[in-house]
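Each remark here refers to the structure printed beneath this line.
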There are 2 protein chains.
Amino acid sequence: MPPTPRPGRPARGSATGRPVMAALDLFGRRWTLRILWELRDRPLGFRALREQCDGMSSSVLRQRLLELIEARLVERGDDEGYGLTALGREACGELLGLHAWAERWAAELEGPGPAGRGA
Amino acid sequence: MPPTPRPGRPARGSATGRPVMAALDLFGRRWTLRILWELRDRPLGFRALREQCDGMSSSVLRQRLLELIEARLVERGDDEGYGLTALGREACGELLGLHAWAERWAAELEGPGPAGRGA
DNA sequence: GCGTAGTGTTTCTGAAACCGAAGCACCAGC
DNA sequence: GCTGGTGCTTCGGTTTCAGAAACACTACGC
C-alpha cells in the first residue's frame with residue numbers, strides 16, 4: 001500500500017512535495033473523487049457508501065477511506081459513519097465546479113463534432 | 001484498454017452516464033489530472049510533457065493522451081505538440097481552484113494536529 | 001442462553017493497470 | 001552515412017484493483 005500523499009512529502013510521480021502535486025496524486029487514485037462526491041451532503045456508513053459507489057470493492061473502499069482520513073478530508077462520526085471534515089467540504093466545493101464543467105462538456109460533445117462522437 | 005469515459009455512456013464504476021460520473025472516471029485515472037495541469041499554460045511535445053510529469057511511463061502517457069483527445073480536452077497542434085482545447089482550458093480552470101485548495105490543505109496539515117502529521 | 005441480522009473490516013486469488021527500459025520509424029542538419 | 005532530435009511501440013515485471021467470501025462485534029427477539 002503506497003503512502004498517503006500529503007503536502008510537503010514527495011508525491012508519487014513527483015520529485016517535489018508541492019501541495020498541488022500531493023493533491024493531484026491523492027485525487028488521481030481510483031474512486032477517491034467519487035467517494036468525496038458521494039459524501040458531499042451527508043455522512044454515510046461503510047456499506048451505504050459502498051452501495052452509492054455502485055458496489056465498489058470493499059478492500060479498496062477501506063483503503064481509500066484510510067487515506068482520506070489520514071489526509072484529514074474524511075472523519076468517522078460515532079453514529080453517522082464516514083463524513084467530510086471542513087477541509088473535505090472545501091475540496092468538495094471544487095468538485096462542484098467540476099460538476100458544472102461536466103455539464104458543459106456533455107453539451108459540447110453532444111453538439112458540434114469535428115472529431116466525431118460515436119465510436 | 002478501457003473505453004474513454006464520456007457523458008452519456010456508463011462510466012466505469014457507475015451504472016449511469018451522468019456527465020459528472022464520466023468526468024470522475026476520466027479524472028480519476030492516474031496522471032490525467034497531472035497532464036492537464038502541466039499543459040495549463042502552453043502546449044508541449046510528447047517528450048517534453050513526459051519530462052514535466054517526472055518521467056512517467058511513455059506507454060501510459062500515450063494512452064492518457066488518446067483518452068484526452070477523444071474526450072476533446074486535448075488536441076495536437078501541427079508544430080507545438082499537445083495542447084488544451086477550449087474545453088480543456090475550462091477544466092483546467094477548475095483545477096486552479098484545486099490548487100488554491102491544496103495550499104489551504106497544506107497549511108491546515110502543518111498547523112493544528114489532533115491526528116498528528118508525522119508518520 | 002441461542003439464533004438472526006445488521007454493522008465494519010479483513011483476507012485471498014485472479015484480472016487489470018501501470019512502470020520502465022529498450023528499441024522502432026521518421027525527419028533535419030551536416 | 002552519421003548524429004541527434006522527434007513521436008510512438010513493445011514487452012516482462014510490479015503494483016493496484018476487483019470481487020467474493022468470511023470474520024468479529026453489537027443489538028435484537030426469544
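Hydrogens, waters and symmetry mates play no part in the numbers below; they use all other heavy atoms, side chains included. Residue numbers begin at 1 in each chain, while the letters A, B, ... track the order of the sequences.
Rounded to a whole Å, the CG atom of Asp25(A) is 16 Å from the P atom of dT15(D). As a whole-Å value, the separation of Glu67(A) CD from dT16(D) C1' is 11 Å. As rounded to whole Å, 13 Å separates atom C1' of dC19(C) from atom CG of Leu61(B). Between Ile35(B) atom CD1 and dC18(C) atom P there is a gap of 11 Å when expressed in whole angstrom units. Separating the CZ atom of Arg12(A) from the P atom of dC18(C) is a distance of 10 Å, rounded to the nearest angstrom. Taking atom CG of Leu65(A) as the reference point, atom P of dT9(C) lies 8 Å away to the nearest angstrom. Taking atom CZ on Arg50(A) and atom P on dT10(C), their separation rounds to 14 Å, with Å as the unit. Glu51(B) has its CD atom 14 Å from the C1' atom of dG20(C), to the nearest Å.
Counting heavy atoms from C-beta outward, Leu84(A) and Val74(A) have side chains that approach closer than 4.5 Å.
A close approach under 4.0 Å does not occur between any side-chain nitrogen or oxygen of Trp31(B) and OP1 or OP2 of dA17(C). Applying the 4.0 Å criterion to OP1 and OP2 of dT10(C), one finds that Arg62(A) has a side-chain N or O inside that range. Contact annotation: Tyr82(A) reaches the phosphate of dT9(C) (side-chain N/O to OP1 or OP2, under 4.0 Å). Phosphate contact (OP1/OP2 of dT16(D), side-chain N/O of Gln63(A), threshold under 4.0 Å): absent.
In terms of hydrophobic clustering, with Ile, Leu, Val, Met, Phe, Trp and Tyr side chains grouped at heavy-atom distances under 4.5 Å, Leu39(A) and Leu66(A) are assigned to different clusters.
Residues Arg47(A) and Arg29(A) each lie close to DNA chain D; by heavy-atom proximity, the contact nearer the 5' end of the strand is made by Arg29(A). In this structure, Phe46(B) and Ser59(B) both approach DNA chain D, and ranking their closest nucleotides by distance from the 5' end singles out Phe46(B).
Note on ring orientation: taking the six-membered ring where Trp is involved, the planes of Trp101(B) and Phe27(A) are tilted (angle from 30° to 60°).
With Trp31(A) as the aromatic partner, Arg34(A) does not meet the cation-pi criteria of under 6.0 angstrom to the ring centre and within 45 degrees of the ring axis.
For Val60(B), counting side-chain heavy atoms from C-beta on, the closest listed nucleotide (dT9(D), dA18(D), dC19(C)) is dC19(C). In the set dA21(C), dT16(D), dA18(D), dT16(D) carries the atom at the smallest distance from any side-chain atom of Arg30(B). Of the candidate nucleotides dC19(C), dG19(D), dT9(D), dG19(D) has the atom nearest to the side chain of Ser57(A).
When atom types are taken as modelled, the side chain of Arg62(B) and the backbone of Ser59(B) share no donor-acceptor pair closer than 3.5 angstrom.
Across all strands, Arg76(A) comes closer than 4.0 Å only to sugar-phosphate atoms, never to a base (heavy-atom distances). Using a 4.0 Å heavy-atom distance criterion, Gly45(A) is classed as a sugar-phosphate-only contact.
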